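Here the structure is laid out as structure tokens; the discussion comes afterwards.
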Amino acid sequence: MAHITCFTVQKGGAGKTSMTVNVAGTLAGAYGLRTLVIDADPQCNATAALLGPDYADAGYSPTFADVLEGRSTIAEAAVQKSFPTLWTLPGSEKLVAYEMARDDARRGRVIHSVASLLSDAIPEEIDVVLIDTPPSGGIWLQVALAASHSYTVVATPDDFSASGVLKLIGTVDQVCTDFNPALRRAGFLINQYRRTSEGDQYVRFYRDCFPEDVFRTVFPLRGVIGSSRGMRMPVELYERLYRVSTPAAPLFRDVVAEWMERVGIRGRGAVPRFDGEQQGIGLETVEVAA
Ligand SMILES: Nc1ncnc2c1ncn2[C@@H]1O[C@H](COP(=O)(O)OP(=O)(O)O)[C@@H](O)[C@H]1O
Ligand SMILES: [Mg+2]
């Protein structure tokens, strides 16, 4: 059974999508784990980062919305590009419509049914599922938490982030009570650290408040994260394809090693050969998950 997880916080710009995409790339590229990213953010940033803008634009199909509406299965809609063990279920603007369910009972039914669909319909071949969420505490964050076995808080060391972390903890409590009592926190991952007195103060704050829970790796600001997004692939895969070293890939390997330890997942031992050139990376070569 796949381990379902999300890297999240109730704040935009913290690095949820960057972490999701790059952790997925590292799980697939460095550990050979068969990894599926589900883009549950109507902005479709994870889809654009992994597959390119064509898939994130209105009109591409099938997407996560087609799966929810019964027109496609996850296996049919998942797109494999860049690497043999990494798939993306493209997001859709249509996901916004689900936010309209204002009354609590209806929202509850939607969250329950989508979370059950995600838990039941993940293809057997998949080892890890990462769900990318929007910054709000709306229905898609709740669905992701309701479907997940674990979640990781992405915290930037500043006071705006602290309030996003507190809001997330409130949402997690509610989701645990209403839908998913087994949900576990994998930890707090500090991202976009800069060596300043404010940066150090917030790292200390998180370590004091949650002594066991803060990842050992504190992720600094690294420009390559933005540039690899332009390449439409995670930094681990960028390194493997172009046989270069980036200052970010080893940090993601540290983060992923610690995350795997925290959630109790092991690598597959063998990593598939990266035959991206034969498959035409950068071209619109698409393969569907088995
Ligand atoms: N560690 C980092 N170093 C440099 N830039 C980063 C880092 N983490 C995220 N970013 C950049 O910050 C911006 C917001 O990141 P993103 O992952 O889209 O955040 P979110 O999904 O939480 O809104 C993006 O431009 C991304 O490239
Ligand atoms: Mg995002």
Side-chain angles (χ1 to χ4, degrees), residues 5-26 37-53 55-56 63-64 88-93 95-96 99 130-145 151-158 160-168 171 188-196 198-200 202-203 206 214-239 246-256 258-259:
T5 197
C6 52
F7 282 70
T8 193
V9 71
Q10 275 178 239
K11 178 187 177 294
K16 297 179 291 298
T17 303
S18 304
M19 286 298 155
T20 303
V21 161
N22 281 291
V23 165
T26 307
V37 173
I38 297 181
D39 193 347
D41 182 349
Q43 290 184 73
C44 305
N45 291 345
T47 305
L50 286 162
L51 301 178
Y55 292 85
T63 66
F64 185 23
T88 305
L89 179 55
S92 166
E93 285 179 347
L95 298 178
V96 170
E99 298 281 4
L130 294 102
I131 306 176
D132 194 35
T133 64
S136 72
I139 208 160
W140 291 112
L141 174 61
Q142 294 178 60
V143 163
L145 294 168
Y151 70 99
T152 299
V153 185
V154 180
T156 51
D158 56 66
F160 293 139
S161 150
S163 90
V165 169
L166 287 177
K167 284 188 202 152
L168 175 66
T171 304
F188 290 82
L189 177 58
I190 296 175
N191 184 32
Q192 301 189 33
Y193 167 75
R194 202 194 292 255
R195 191 170 301 212
T196 59
E198 190 195 23
D200 290 334
Y202 274 98
V203 172
Y206 283 114
V214 179
F215 277 62
R216 289 186 296 275
T217 305
V218 171
F219 210 103
L221 276 167
R222 286 282 186 265
V224 69
I225 291 176
S227 45
S228 80
R229 221 182 37 227
M231 297 301 300
R232 309 296 172 203
M233 70 178 73
V235 290
E236 176 70 30
L237 306 184
Y238 180 81
E239 278 208 350
T246 73
L251 288 162
F252 281 117
R253 277 177 229 133
D254 290 346
V255 165
V256 168
E258 193 174 348
W259 178 83

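Owing to the predicted nature of the structure, the values given are computational and were not obtained by experimental measurement. One-based numbering, in listed order, for ligands and for the atoms of each.
Within the 6.0 Å centre-distance limit, the rings of Phe252 and Phe219 are counted as a close aromatic pair.
Listed by chain and residue number, the protein N/O/S atoms under 2.8 Å of the Mg ion (ligand 2) are Thr17 OG1, with waters left out.
Using a 4.0 Å heavy-atom criterion, the residues that approach ligand 1 are Gly12, Gly13, Ala14, Gly15, Lys16, Thr17, Ser18, Asn191, Gln192, Phe219, Pro220, Leu221, Arg222, Ile225, Gly226, Arg229.
Here OG1 of Thr17 is found 11.5 Å from CG of Leu130. Values are rounded to the nearest 0.5 Å. Distance check: Ile38 CD1 to Thr63 OG1 gives 12.0 Å after rounding to the nearest 0.5 Å. We find the OG1-CD distance between Thr171 and Gln10 to be 3.5 Å, quoted to the nearest 0.5 Å. The structure places CG of Asn191 at 6.0 Å from CD1 of Ile225, a figure rounded to the nearest 0.5 Å.
Side-chain atoms of Arg194 never come within 3.5 Å of backbone atoms of Pro220 as a donor-acceptor pair (strictly under, hydrogens ignored).
With sequence neighbours left out, the salt bridge (charged side-chain N to carboxylate O under 4.0 Å, His left out) criterion links Arg253 to Glu236, Glu239. The side chain to side chain donor-acceptor pair (under 3.5 Å) check on Asp39 picks up Thr47, with sequence neighbours excluded.
The minimum heavy-atom distance between Ala40 and Ile131, with the atom names listed, is CB-CG2, 3.7 Å.
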